[in-house]
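Beneath this line is the structure, given in structure tokens, with notes to follow.
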Protein chains: 2
Amino acid sequence: MPRKANQNASRAATLHDVAGKVGVSAITVSRALNSPDLVSEKLREQILAAVDELGYVPNRSARTLVSSRSHTVAVLIPSLSNTVFIDTLAGINEVLDPKGYQILIGNTAYDDEKEERLLRAYLSHAPDGVLLTGTRQRPEMRQRLARLGIPAVHMMELDPSNERFCVGFSQDEAGRQITRHLLDRGYKRIAFFGARLDPRVMQRLDGYRKALQAAGCYAPELEYLNPRPSRIGMGVEMLEVLRQEHPDCDAVFCCNDDLALGVLTGCHRTGIKVPEQLAVAGFNDLEGAAWAMPTLTSVRTPRYKVGFEAASLLLGLMEGQTPAQKQLDLGFELRLRGSS
Amino acid sequence: MPRKANQNASRAATLHDVAGKVGVSAITVSRALNSPDLVSEKLREQILAAVDELGYVPNRSARTLVSSRSHTVAVLIPSLSNTVFIDTLAGINEVLDPKGYQILIGNTAYDDEKEERLLRAYLSHAPDGVLLTGTRQRPEMRQRLARLGIPAVHMMELDPSNERFCVGFSQDEAGRQITRHLLDRGYKRIAFFGARLDPRVMQRLDGYRKALQAAGCYAPELEYLNPRPSRIGMGVEMLEVLRQEHPDCDAVFCCNDDLALGVLTGCHRTGIKVPEQLAVAGFNDLEGAAWAMPTLTSVRTPRYKVGFEAASLLLGLMEGQTPAQKQLDLGFELRLRGSS
DNA sequence: CTGAAAGCGCTTACAG
DNA sequence: CTGAAAGCGCTTACAG
């Protein structure tokens with residue numbers, strides 16, 4: 001029997017509605033739901049039955065307001081269309097979802113200012129913790145989070161200054177090692193194709209430079225950098241320019257697999273033999289890399305694990321723990337295939 | 001001068017803190033922020049300055065609790081690793097973000113029960129509206145939303161019964177037309193490769209069957225259905241089986257581009273000429289389709305627009321409007337390329 | 001244009 | 001094991 005018969009929408013059932021139905025106080029219902037051991041079994045069963053019958057769903061806002069725990073974590077990533085971050089998100093979700101945390105996904109579009117705006121906006125949700133991509137956030141934002149007691153973990157990169165909590169791997173070292181691999185195979189005129197030019201791409205470029213400089217093969221004119229988002233088509237176009245300007249180039253390290261797949265496509269269309277005439281290496285080792293023709297040499301990055309471990313670390317911080325170390329280096333793996 | 005000097009975290013500034021600083025009441029601050037015209041310019045400026053200085057961020061929980069508008073929309077999609085839904089999400093975001101809505105993304109993993117669980121859990125956020133994928137939700141869930149006055153819009157499919165608000169296109173008709181295209185090209189033994197077997201794939205299959213039956217070419221043994229998630233590798237494997245079991249098959253319609261790309265790869269590896277020996281068609285027209293070798297015939301689906309229009313429709317419903325029609329058919333386009 | 005009162009739905013101490 | 005009191009930070013009417 002409804003207490004009030006609205007013609008359209010009726011308001012949602014509250015704790016009091018459940019309490020009234022069972023004949024106990026609201027607080028007992030709250031306990032039955034949140035700390036079942038504190039309530040007698042008999043009552044608990046009655047309450048659960050009433051909850052079910054009324055379709056009662058706790059109101060998060062009320063809970064958050066009074067308990068000052070929102071059970072919410074804000075996650076800021078640069079892109080949703082990049083598999084890398086989707087995999088990271090999956091790892092985060094794996095950890096946080098079972099613990100009852102709601103994840104707020106913020107897409108920064110690789111824009112530092114938008115990231116800051118989003119972070120500020122997310123403060124209105126009083127998140128219990130924050131997961132950030134990279135380490136380029138301004139110190140003011142970090143201080144603000146610290147003042148509010150909101151822990152933050154940075155993903156993908158490491159922090160040499162050891163000031164922030166970071167879970168990732170050395171982008172720089174990964175770039176160095178894959179370039180070193182090309183050198184070891186005998187290639188000397190090795191180009192770099194970079195798109196988007198976010199901090200991680202620039203770190204891979206740094207590694208590329210280090211390897212070539214150490215080998216005495218560094219040639220700045222072989223660096224092709226384009227700030228726009230990477231697409232397969234961009235790889236095709238960059239290859240055209242490269243062949244025109246530097247036909248003697250014998251290998252290309254692409255900052256990601258999309259670009260590399262484009263290079264492979266371009267080579268196929270124009271009859272360039274891979275790796276005989278041109279070796280190609282990508283980065284991230286997405287699904288397509290192993291199925292490309294020829295199969296694509298790449299760097300396997302632990303993005304699922306980055307998400308998983310970052311969320312785990314954050315979980316500890318949110319529970320007030322002090323972790324043993326601030327940096328978690330998850331490494332990477334070279335995947336050497338047919339294209340090199 | 002902080003009122004209380006906590007050693008660690010200090011609590012966030014409240015409306016009262018801002019009000020106290022300026023010397024007005026909290027409600028005036030609230031108005032300065034939410035309905036600026038109702039406050040004198042002088043006061044408004046002072047208040048905004050104080051807000052800035054204190055780093056005040058409104059508490060959403062309090063606002064939601066008292067206003068019974070959460071400015072939150074729950075979006076349930078089957079997968080985050082499928083570009084289709086990422087594009088849809090982008091369209092949704094384009095509409096809802098500027099209006100100040102927070103989007104809660106729920107990944108149902110193509111699981112009806114998980115979808116229902118998520119939807120129930122999201123009720124605790126008191127969403128102002130809900131965006132769902134497909135139309136397979138149980139009537140009970142719809143009734144529950146209706147009772148709570150929460151509008152819902154379904155994406156990707158249409159609803160022949162016209163009971164629900166839907167923005168999408170006819171999956172069935174798209175499957176029929178692409179199959180019809182293959183028939184028109186002269187292919188007769190046309191196989192269907194299906195993965196995941198979610199409702200939309202099954203509708204495409206229906207369309208495939210209709211086209212073949214109408215042409216008198218339907219052969220059930222040419223349907224290859226695998227409930228597991230589609231991967232490029234699955235396309236390769238399915239092709240192997242097909243060639244073994246039905247070497248006379250002259251064309252394949254794949255339920256999505258990943259599978260089709262796998263078929264293309266398999267053909268390349270085993271020397272099957274496309275389209276001379278085997279024509280291939282995919283679905284969705286992802287970026288890779290236009291770059292495949294040969295280029296892949298596919299069906300261009302309006303997923304960004306589905307998100308955009310679904311969000312727009314929901315926006316209207318949340319504001320109490322009654323839209324002219326419940327179904328919005330956004331159509332699709334055949335992209336005929338080298339593989340057929 | 002500004003404010004005092006009331007209350008949204010919960011949980012946190014504090015009692016018993 | 002159960003409950004009465006207080007209050008989280010806001011906004012909604014209602015006054016003036």
Side-chain angles (χ1 to χ4, degrees), chain A residues 3-4 9-47 50-51 54-72 100 123-126 128 148-149, chain B residues 3-4 9-47 51 54-72 100 123-128 148-149:
Chain A
R3 304 191 314 183
K4 206 198 295 180
S10 59
R11 66 168 183 59
T14 71
L15 216 44
H16 281 92
D17 296 333
V18 179
K21 192 171 182 74
V22 180
V24 294
S25 70
I27 183 174
T28 300
V29 178
S30 171
R31 272 196 283 254
L33 263 23
N34 299 316
S35 328
D37 335 319
L38 298 181
V39 176
S40 71
E41 197 181 320
K42 195 182 144 217
L43 230 44
R44 199 166 58 217
E45 276 170 16
Q46 289 182 54
I47 289 171
V51 162
L54 261 33
Y56 169 70
V57 177
N59 181 322
R60 271 200 185 228
S61 296
R63 171 195 247 235
T64 297
L65 191 56
V66 71
S67 71
S68 63
R69 296 221 71 196
S70 64
H71 298 270
T72 288
L123 256 27
S124 72
H125 291 271
D128 294 339
L148 293 171
Chain B
R3 304 193 315 187
K4 207 198 295 181
S10 59
R11 66 168 184 58
T14 71
L15 216 45
H16 281 91
D17 297 332
V18 178
K21 192 170 182 73
V22 179
V24 294
S25 71
I27 184 176
T28 301
V29 178
S30 170
R31 273 198 282 252
L33 264 24
N34 298 318
S35 328
D37 335 320
L38 298 181
V39 176
S40 70
E41 199 183 317
K42 196 182 141 216
L43 229 47
R44 199 166 59 218
E45 276 169 18
Q46 289 182 53
I47 289 172
V51 162
L54 260 36
Y56 169 70
V57 177
N59 182 320
R60 268 197 188 235
S61 297
R63 171 195 249 235
T64 297
L65 190 55
V66 70
S67 71
S68 64
R69 295 221 71 194
S70 64
H71 296 270
T72 289
L123 256 27
S124 71
H125 291 271
D128 294 337
L148 294 169

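Taking atom CD of A:E45 as the reference point, atom P of D:dC1 lies 14 Å away to the nearest angstrom. When the C1' atom of D:dT11 is taken as reference, atom NE2 of B:H16 falls 12 Å away, rounded to whole Å. Taking atom CG on A:L15 and atom P on D:dC8, their separation rounds to 19 Å, with Å as the unit. Protein atom CG of B:L65 is 18 Å distant from nucleotide atom P of C:dA6, rounded to whole Å. Atom pair B:R60:CZ and D:dC8:C1' shows a separation of 18 Å (rounding to whole Å applied). At whole-Å resolution of the value, CZ in B:R63 and P in C:dG9 are 18 Å apart.
The shortest distance between side-chain heavy atoms of B:H125 and B:S70 does not fall below 4.5 Å. With contacts defined as side-chain heavy-atom distances shorter than 4.5 Å, the pair A:N59/B:L65 qualifies. Put simply, the side chain of A:N34 reaches to within 4.5 Å of the side chain of A:R63, judged on heavy atoms.
Expressed to the nearest 0.5 Å, how far CZ of B:R44 lies from CG of B:L38 amounts to 10.0 Å. The distance from the OG atom of A:S30 to the CD1 atom of A:I47 is 10.0 Å, given to the nearest 0.5 Å. Interatomic distance, CZ of A:R31 versus OG of A:S25, reported as 7.0 Å (0.5 Å rounding).
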Could you write out DNA chain D as dot-bracket? Rules: Watson-Crick or G-U wobble, both distances under 3.5 Å, brackets [ ] for crossings, | for pairs with another strand, dot for unpaired. |||.||||||||.|||
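Of the two residues contacting DNA chain C, namely B:L43 and B:S67, the nearest-nucleotide position lying further toward the 5' end is that of B:L43.
Of all the residues in residues 19-42 of chain A, A:I27, A:S30, A:N34 reach under 4.0 Å from DNA chain C with at least one non-hydrogen atom.
Considering every non-hydrogen atom in both B:L148 and B:L123, the closest pair reads CD1-CG, 4.0 Å.
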Run the numbers on A:Q46 and A:L43 for side chain to side chain contact (heavy atoms under 4.5 Å, CB included), then give the verdict. CA-CA 5 Å; A:Q46 289 182 54; A:L43 230 44; 4.1 Å; yes
